[in-house]
There are 2 protein chains.
Amino acid sequence: MPTPRPARRSIAMDALSQDTKTRILDAAETLFMEHGFEATSLRQLTGAAGVNLAAVNYHFGTKEELFQAVLTRRLDPMNQERIDLLDRYLRESRAKPLSCEKILSAMLIPALRLARDEKRGGKHFLRVLGRAYADPAPFIRHFLSAQYAEMINRFKDAFLEALPHLTRQELTWRLHFVMGALSYTLAGTDALKLMAQVAPGEKDNDEMVLQRLAPFLAAGLKAPLGDPRKLELVSGD
Amino acid sequence: MPTPRPARRSIAMDALSQDTKTRILDAAETLFMEHGFEATSLRQLTGAAGVNLAAVNYHFGTKEELFQAVLTRRLDPMNQERIDLLDRYLRESRAKPLSCEKILSAMLIPALRLARDEKRGGKHFLRVLGRAYADPAPFIRHFLSAQYAEMINRFKDAFLEALPHLTRQELTWRLHFVMGALSYTLAGTDALKLMAQVAPGEKDNDEMVLQRLAPFLAAGLKAPLGDPRKLELVSGD
DNA sequence: GCTCGATTCAAACGCCCGTTTGAAACTATC
DNA sequence: GATAGTTTCAAACGGGCGTTTGAATCGAGC
């Protein structure tokens with residue numbers, strides 16, 4: 001029997017159910033990261049969380065809604081943080097257009113903060129997110145596009161001022177590439193080992209990664225438009 | 001047909017079983033692309049292929065081995081093509097180091113050729129591949145890292161000559177970002193709609209995508225090393 | 001002390017999964 | 001036409017899945 005909590009009164013039930021919900025969310029975050037959405041069963045999940053099997057359906061409705069709740073819990077604050085940071089930069093710049101690097105910082109810093117904050121799920125969540133990007137399930141795709149719409153549009157406007165040589169369509173593509181490299185990097189469950197071993201024993205790995213990713217992405221965004229003839233398919237031999 | 005060793009199976013049998021195997025592989029390629037590995041059932045798959053349910057286990061052993069066969073059928077030739085193309089460029093350059101763009105072409109062109117070749121699975125396969133990159137299942141990760149090891153190492157050597165300002169470790173990271181943007185872009189089942197609509201009615205979409213991706217990646221690879229202080233976490237407010 | 005809504009729990013529901021089985025069908029060879 | 005090896009087939013196996021159910025438990029308010 002779990003210890004009864006005499007502290008709170010009317011909120012006691014709330015606190016208990018909150019506790020159950022939180023334990024489910026935490027276990028789901030970890031297991032979805034380790035095995036993916038489909039391969040994680042509710043029996044496995046509720047077992048790890050130490051709650052009854054039926055608790056997921058009681059508190060969240062379905063497994064899919066649980067997954068959305070896992071994403072929302074972290075994504076909403078992170079994207080709001082991104083928008084707030086961008087707004088602060090814009091206010092501080094006093095009408096002068098921001099540099100590409102500065103705008104990129106507003107995107108990456110909240111992600112990095114989240115990655116380093118173990119109390120908010122840290123890397124666990126970012127890997128779940130990175131995987132979700134590549135998932136073809138319609139409910140995931142619709143959910144993500146809705147979640148990201150506002151944030152992406154705000155950043156697109158800012159980048160358009162910083163990169164006047166790009167059309168809106170060209171920028172859309174490049175932001176797509178940025179999100180690709182970012183999500184793939186964050187998702188990287190051992191993906192690094194695909195090509196090489198990282199130097200062992202490095203502290204603060206995520207910060208190091210983003211410090212490498214940022215100049216790469218900034219240079220890509222600032223690149224001149226491509227010459228259609230640079231990439232020939234017909235191999236002239 | 002005078003076969004050297006007629007003690008083995010007949011040609012007619014081979015043709016039949018080859019046909020069944022091919023139909024399974026084709027259906028698997030499409031369904032794994034549409035729904036992912038876990039979410040595709042063998043009943044669905046064999047139904048679409050018009051073969052008996054047991055045929056997958058008879059010809060491939062398990063569902064996992066079928067998935068590896070789906071990947072191998074396209075990946076082996078494509079990676080070989082990449083290596084061959086890089087070798088040809090190296091031969092033609094006569095000891096002078098190749099440009100970054102040229103090396104990148106050797107990576108992208110075979111992928112583009114595959115994407116445009118409907119008879120080799122085209123986009124279907126590339127989306128399966130893009131998803132596989134983000135899959136945490138150990139058997140997929142081990143398989144992919146083995147498949148890619150040789151190709152990646154060959155290209156790393158070439159890039160190291162083209163980008164002398166990068167250490168081997170730094171280059172490893174940047175190639176990681178390159179693979180990320182590439183696989184994410186190729187995987188993109190409607191991922192584009194995450195941020196914006198593409199101009200409708202464009203012909204030869206994949207070629208257009210790679211012509212946009214190539215300059216982005218080349219610029220990223222050539223970028224100067226990042227300044228650790230460019231990305232501050234402590235938001236001085 | 002009783003009620004009542006919220007939460008937990010064990011058990012079951014119906015369904016679909018990947019795989020196995022053993023017999024039938026087919027075909028080249030003798 | 002019997003033989004042997006390969007491939008197909010219908011059927012079933014055991015098990016795990018997400019979800020539902022209805023009773024038990026709990027705490028707060030009257």
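Only a predicted model underlies this, so the values are computations on that prediction, with no experimental measurement involved. Side chains included, hydrogens not; waters and symmetry mates left out as well; all remaining heavy atoms used. Below, chains carry the letters A, B, ... as their sequence lines are ordered, and counting in each starts from 1.
Of all the residues in residues 45-53 of chain A, L53(A) reach under 4.0 Å from DNA chain D with at least one non-hydrogen atom. Taking a 4.0 Å limit (strictly below) on heavy-atom distances, residues 63-70 of chain B does not reach DNA chain D anywhere.
Following rounding to the nearest Å, I24(B) (CD1) and dG18(C) (P) show an atom-to-atom distance of 13 Å. Rounded to an integer number of Å, the gap from F60(A) CZ to dT7(C) C1' is 14 Å. One can place CD of E38(B) at 11 Å from P of dG18(D), the figure rounded to the nearest angstrom. Residue F37(B) contributes atom CZ, which lies 13 Å from atom P of dC17(C) at whole-angstrom precision. The nearest whole Å value for the distance from the OH atom in Y58(B) to the P atom in dG5(D) is 13 Å. The separation between N57(B) atom CG and dC13(D) atom P is 17 Å, rounded to whole Å. Per the geometry, CG belonging to L42(A) stands 16 Å off P belonging to dT8(C), to the nearest Å.
For R43(B), there are no salt bridge (charged side-chain N to carboxylate O under 4.0 Å, His left out) partners at least two apart in sequence or on another chain. Partners of A158(A) under the side-chain contact (heavy atoms from CB on, under 4.5 Å) rule, at least two apart in sequence or in another chain, are L86(A), I103(A). The side-chain hydrogen bond (donor to acceptor under 3.5 Å, both in side chains) test applied to S41(A) returns no partner, not counting sequence neighbours. Partners of D76(A) according to the salt bridge (charged side-chain N to carboxylate O under 4.0 Å, His left out) rule, which considers only residues two or more places apart in sequence or in another chain, do not exist here. In this structure R82(A) satisfies the salt bridge (charged side-chain N to carboxylate O under 4.0 Å, His left out) test with no other residue, sequence neighbours excluded. Residues satisfying the salt bridge (charged side-chain N to carboxylate O under 4.0 Å, His left out) test with D84(B), not counting sequence neighbours, are none. By the ring pair (Phe, Tyr, Trp, His ring centres under 6.0 Å) test, F32(B) pairs with F37(B), F67(B), sequence neighbours left out.
Distance OG1/T40(B) to CD/E38(B): 9.5 Å, rounded to 0.5 Å. Going from atom CD of E65(A) over to atom NE2 of H59(A) covers 13.5 Å, rounded to the nearest 0.5 Å.
Neither OP1 nor OP2 of dT6(D) sits under 4.0 Å from any side-chain N or O of H59(B). Note on T20(B): every side-chain N or O is 4.0 Å or more away from OP1 and OP2 of dT7(D). The shortest distance between the side-chain N/O atoms of S41(A) and the OP1/OP2 oxygens of dG16(D) is not below 4.0 Å.
Nearest-nucleotide positions on DNA chain D place Q44(A) closer to the 5' end than the other of Q44(A) and G61(A).
Applying the 3.5 Å distance criterion, the base of dG18(D) shares a donor-acceptor pair with the side chain of R43(A).
In this structure, of dT8(C), dT19(C), dA10(C), it is dA10(C) that holds the atom nearest to the side chain of A54(A).
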